[in-house]
Amino acid sequence: MSSIKIECVLPENCRCGESPVWEEASNSLLFVDIPARKICRWNPLTNQLQRVTADAPVSSVALRQSGGYVATIGTKFCALNWEDQSIVALATVDKDKKNNRFNDGKVDPAGRYFAGTMAEETAPAVLERHQGSLYSLFPDHHLKKYFDQVDISNGLDWSLDHKIFYYIDSLSYSVDAFDYDLQTGQISNRRSVYKLEKEEQIPDGMCIDAEGKLWVACYNGGRVIRLDPETGKRLQTVKLPVDKTTSCCFGGKDYSEMYVTCARDGLDSENLLRQPEAGGIFKITGLGVKGIAPYPYAG
Ligand SMILES: O=C(O)[C@H](O)[C@@H](O)[C@H](O)[C@H](O)CO
Ligand SMILES: [Zn+2]
């Protein structure tokens, strides 16, 4: 039996922590705080924490092959130079939707940066419906739009053979799959692989492990769940001492640790007292399964 350990390793008090990404080169965890407009980089060995502030909500961050990072900020795909903290826009989406912003994003195995949009929330999960779309930014900086009518565009990842794209529109309470053509970046044949149970609440961020199973952070559910996308069965539930778990990634030595982000926004004062670590970064060890390295943006 594995002995699972869950600890808050960084008491960052994020309003809405999201998009954890492990960077092997700097032995660091990158993550964002969406409403605080921050991109953070934390080295667990030295405990050094660096932050860059943007001029609009930052919803995701990813590695960049040519150095530095890319991030989705407001409705823009951006390049971020960590050394001088400069941010340059690469492309803008949803120009006709002034109340929209990007939400979760991740790079595909061919180096395209996928991210979806949503209407800005008035409270967690309260927003104008069907305003979002899913996009990708190709390495040559051209944009592709996949579909619209999205409520809250969220978790995404690719199967280990790169033939399936997994995607979450949170308010559908479903984890979906598409056939994926890595050569062209095309998706097709949408279907649901898992419907969340009531107590699992709202599916948010997601990552795949080295056995091809999916890990989904459940917002308001205070847990991450491990799913077998082939059978549609839940394999495991790991509960955390905070309700608003938002996303997860593997990192650390050989990608054997899981990092989980969460939010403080939306918790009332009573729950904030009960969950003093809300908004922190959690580490889960002893899962007995590893993750895979994140793909860097190729542009
Ligand atoms: O981080 C996100 O994905 C959204 O931007 C957040 O606001 C919440 O997770 C959402 O409210 C839950 O559905
Ligand atoms: Zn999310």
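Just follow the structure's listing: the first ligand is 1, and inside any ligand the first atom is 1. This one's a predicted model, so the numbers in the text were calculated from it and none came from an experiment.
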Quiz item: Taking the N/O/S atoms of D204 one by one, which is nearest to the Zn ion (ligand 2)?
Solution: OD1

Quiz item: For the Zn ion (ligand 2), does an N/O/S atom of E18 lie at less than 2.8 Å?
Solution: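 Looking at E18, which is the residue asked about, there is an N, O or S atom under 2.8 Å from the Zn ion (ligand 2).
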
Practice problem: State whether N154 contributes an N/O/S atom found under 2.8 Å from the Zn ion (ligand 2). | Solution: yes

Hey, are [Y] and [X] close enough side-chain-wise for a donor-acceptor pair under 3.5 Å?
| X | Y | answer |
| --- | --- | --- |
| D94 | T117 | yes |
| Y194 | E200 | yes |
| D108 | Y180 | yes |
| N189 | D179 | yes |
| N99 | Q131 | no |

In the protein, which heavy atom is nearest to [atom], and how far is it?
| atom | result |
| --- | --- |
| atom 1 (O) of ligand 1 | E18 OE2, 2.7 Å |
| atom 4 (C) of ligand 1 | N103 OD1, 3.5 Å |
| atom 9 (O) of ligand 1 | D204 OD2, 2.5 Å |
| atom 10 (C) of ligand 1 | E121 OE2, 3.4 Å |

Quiz item: Do the two ring centres, one from W82 and one from Y69, sit under 6.0 Å apart?
Solution: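 That pair passes the under 6.0 Å test.
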
Exercise. Please work out which of the three classes, parallel, tilted or perpendicular, describes the rings of Y297 and Y113, given edges at 30° and 60°.
Key: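 The arrangement is tilted - the two ring planes meet at 30° to 60°.
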
Quick check on contacts: which atoms of ligand 1 are under 4.0 angstrom from a heavy atom of [X]?
| X | result |
| --- | --- |
| I202 | 13 (O) |
| R101 | 5 (O) |
| I152 | 13 (O) |

Self-check item: Contact check, Q201 vs ligand 1, heavy-atom distance below 4.0 Å
Solution: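 Distance cut 4.0 Å: Q201 fails for ligand 1.
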
Self-check item: ligand 1 contact by D104, heavy-atom criterion under 4.0 angstrom
Solution: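 No heavy atom of D104 comes that close to ligand 1.
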
Self-check item: S170 (side chain) donor-acceptor with I202 (main chain) under 3.5 angstrom
Solution: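 Here the side-chain-to-backbone pair does not exist.
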
Practice problem: Pick one of side chain, backbone, both or neither for how S59 approaches ligand 1, counting any non-hydrogen atom pair under 4.0 Å. | Solution: neither

Quiz item: Under 4.0 Å from ligand 1, counting heavy atoms only, is it the side chain of I34, its backbone, both or neither?
Solution: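 Within the 4.0 Å criterion, I34 contacts ligand 1 through side-chain atoms alone.
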
Practice problem: Going by the side-chain contact (heavy atoms from CB on, under 4.5 Å) test, name the single residue among F282, F250, W42 that passes it with Y259. | Solution: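 The side-chain contact (heavy atoms from CB on, under 4.5 Å) with Y259 is passed solely by W42 among F282, F250, W42.
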
Quiz prompt | Geometric N/O contact P124 with ligand 1, under 3.5 angstrom | solution =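 N/O-N/O distance below 3.5 Å does not exist for this pair.
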
Exercise. May I ask you to check whether Y219 has an N/O atom sitting below 3.5 Å from an N/O atom of ligand 1?
Key: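 No, there is no polar N/O contact under 3.5 Å.
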
Quiz item: With a distance cut-off below 6.0 Å to the six-membered ring centre and an angular limit of 45° from the axis, does R190 pair with Y146 as a cation-pi contact?
Solution: no

